[in-house]
Protein chains: 2
Amino acid sequence: MKITSKFTVAVHTLLVIYTFSDTKKTTSEFIAASVRVNPVVIRRTLLSLKAAGIVEVKAGSGGARIVKDLKDVSLYDIYKAVDCVDGGLFHFHENPNPACPVGKNIHAVLDNRLSDAQAAMENELKKVTLADLTRDLGEKL
Amino acid sequence: MKITSKFTVAVHTLLVIYTFSDTKKTTSEFIAASVRVNPVVIRRTLLSLKAAGIVEVKAGSGGARIVKDLKDVSLYDIYKAVDCVDGGLFHFHENPNPACPVGKNIHAVLDNRLSDAQAAMENELKKVTLADLTRDLGEKL
DNA sequence: TGTCGATGTAATCAAAAAGATTACAGCAAG
DNA sequence: CTTGCTGTAATCTTTTTGATTACATCGACA
């Protein structure tokens, strides 16, 4: 399976906020029009990003802005903020038979290996920051 | 979200075949009893592993056996065999707005980064072989 | 060769997960 | 005190995943 689109939606959201911060009020509705999802989805995404201290959202008057230095926000921070793989990345079958020597020990044998693989992926995400993305994006415009 | 349990089921299946190859006929029913899933799920798993050249299955008389050297079968080979992340690991939101500068370029900016992260995870899986797992399992018994 | 226990595979179902959508209370600013 | 937006719960739909049923076919062996 896959990692929820919550993650790419969150990245997209931040890029929209950054790109239009000077010229538009970045409301959930405005962002939703670029990402093309329901505004409520954006609001929930913003809640997660706010809880992680990445953005500030004005209730009432509306609009969001990024409150951290772009180079201090990695893809991993966003990934964690929206909690797109709750628990482990790998999904285990739930009821291995404890009466079987293999079923009893399958977790002991596999869990660490799978965690290592997940960690390798996450480390790669730590290497990329919003500053990298906005730079790349700027070159396309 | 997560990577299908097809993957851990496949690994479990191979470990059962290895462990009992001398003493039992490893039928889909027998394996299913250790993994605790429906025997049809095991048959489908075995079909995938067979297509990847990892096992041989006897139609008719029944039973499966591993046909590769254990140290030549990595977790990555199994992962690929059962095709647990079809396409990319990360799930993109489907309709970014092409009329928006961010929506138009989000793939150009993100795709490579995400592929790199996925590759890092897969490289980690390549480092572990069935030989490693059976050794670890042996120590527990 | 005919029976028996397996596999190969399609078709159908059910359960779970992920999003979309509706609805509405509360806040901030003019 | 009105207006436009956020915060958040509740509900519904769609998709995905895995379970289950069903049956044709195969291989070994009496």
Side-chain angles (χ1 to χ4, degrees), chain A residues 1-10 12-13 16-17 20 24-33 35-52 55-65 82-96, chain B residues 1-10 12-13 16-17 20 24-33 35-52 55-65 67 82-97:
Chain A
M1 234 313 293
K2 289 163 183 272
I3 290 173
T4 324
S5 63
K6 279 206 283 187
F7 174 53
T8 56
V9 167
H12 192 151
T13 293
V16 169
I17 295 173
F20 293 98
K24 301 268 186 182
K25 185 160 69 163
T26 50
T27 67
S28 61
E29 192 122 359
F30 178 77
I31 299 167
V35 183
R36 297 239 232 168
V37 295
N38 196 285
V40 177
V41 173
I42 300 296
R43 285 187 217 140
R44 275 196 279 255
T45 301
L46 287 173
L47 285 180
S48 301
L49 293 173
K50 186 170 72 169
V55 301
E56 210 172 66
V57 184
K58 275 212 191 60
S61 54
R65 67 187 191 85
V82 299
D83 191 32
C84 43
V85 298
D86 88 298
L89 174 62
F90 295 88
H91 183 25
F92 235 99
H93 47 292
E94 286 304 328
N95 300 305
Chain B
M1 245 323 296
K2 291 163 181 271
I3 290 174
T4 325
S5 63
K6 279 205 284 189
F7 175 52
T8 54
V9 167
H12 192 151
T13 294
V16 169
I17 294 173
F20 293 97
K24 299 271 185 179
K25 186 161 67 162
T26 51
T27 67
S28 60
E29 192 121 3
F30 177 77
I31 298 166
V35 183
R36 296 239 232 170
V37 295
N38 196 286
V40 176
V41 172
I42 299 296
R43 285 188 217 139
R44 275 197 279 255
T45 301
L46 287 174
L47 285 181
S48 300
L49 293 173
K50 186 169 71 168
V55 301
E56 211 172 67
V57 184
K58 274 213 191 61
S61 55
R65 67 188 191 86
V67 295
V82 298
D83 190 33
C84 41
V85 298
D86 86 298
L89 173 63
F90 294 89
H91 183 24
F92 235 100
H93 48 292
E94 285 305 328
N95 300 305
N97 189 341

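The structure presented is a predicted model; accordingly, all values stated were derived computationally and were not measured. For the numbers below, each heavy atom of this structure counts, side chains included, while hydrogens, waters and symmetry mates do not. Below, chains carry the letters A, B, ... as their sequence lines are ordered, and counting in each starts from 1.
Rounding to whole angstrom units, CG of residue B:Leu49 and P of C:dT7 are separated by 14 Å. The CG-P distance, from B:Asn38 to C:dG8, rounds to 15 Å in whole Å. One can place NE2 of B:His91 at 10 Å from P of D:dT17, the figure rounded to the nearest angstrom. Separating the NE2 atom of A:His93 from the C1' atom of D:dT17 is a distance of 15 Å, rounded to the nearest angstrom. Atom CZ of B:Arg65 is separated from atom C1' of C:dT7 by 17 Å (rounded to the nearest Å). Rounded to whole Å, atom C1' of C:dG8 lies 15 Å from atom CD of B:Glu29. Across the protein-nucleic acid pair, A:Arg43 atom CZ and C:dA25 atom P stand 15 Å apart, rounded to whole Å. The interatomic distance linking B:Arg44 (CZ) with D:dT21 (C1') rounds to 11 Å, in whole Å.
Across D:dA22, D:dG18, C:dA20, the shortest atom-to-atom separation from the side chain of A:Val37 is found for C:dA20. Between D:dG18, D:dT6, C:dT9, one nucleotide has an atom nearer to the side chain of A:Val57 than all others, and that is D:dT6. When distances are taken from the side chain of B:Ser28 to each of D:dC5, C:dT7, C:dG19, the shortest belongs to C:dT7. Listed nucleotides: D:dA19, D:dG7, D:dG18. Nearest to the side chain of B:Lys6: D:dG18. Picking from D:dT8, C:dA20, D:dC5 the nucleotide with the shortest atom distance to the side chain of A:Lys25 gives D:dC5. Across D:dG18, C:dG19, D:dG7, the shortest atom-to-atom separation from the side chain of A:Leu47 is found for D:dG7.
Contact annotation: A:Lys50 side-chain N/O to D:dT6 OP1/OP2 distance is not under 4.0 Å. OP1 or OP2 of C:dA6 has not a single side-chain nitrogen or oxygen of B:Thr27 nearer than 4.0 Å.
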Does the pair A:Val35 and A:Thr45 meet the rule for a side chain to side chain contact (heavy atoms under 4.5 Å, CB included), with working shown? CA-CA 12 Å; A:Val35 183; A:Thr45 301; over 6 Å; no
Let me see the working for B:Leu89 and A:Leu89 under side chain to side chain contact (heavy atoms under 4.5 Å, CB included), right down to the final yes or no. CA-CA 10 Å; B:Leu89 173 63; A:Leu89 174 62; 4.2 Å; yes
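Ring pair A:Phe20/A:Phe30 is perpendicular by interplanar angle, where above 60° counts as perpendicular and below 30° as parallel.
A donor-acceptor contact shorter than 3.5 Å is absent between the side chain of A:Ser5 and the backbone of A:Thr8. When atom types are taken as modelled, the side chain of A:Thr26 and the backbone of A:Ala64 share a donor-acceptor pair closer than 3.5 angstrom.
Residue contacts shown for B:Leu46 are absent, as no nucleic acid heavy atom lies under 4.0 Å away.
The nearest heavy atom of DNA chain C to A:Lys58 and to A:Val41 marks one nucleotide each, and the one closer to the 5' end goes with A:Val41.
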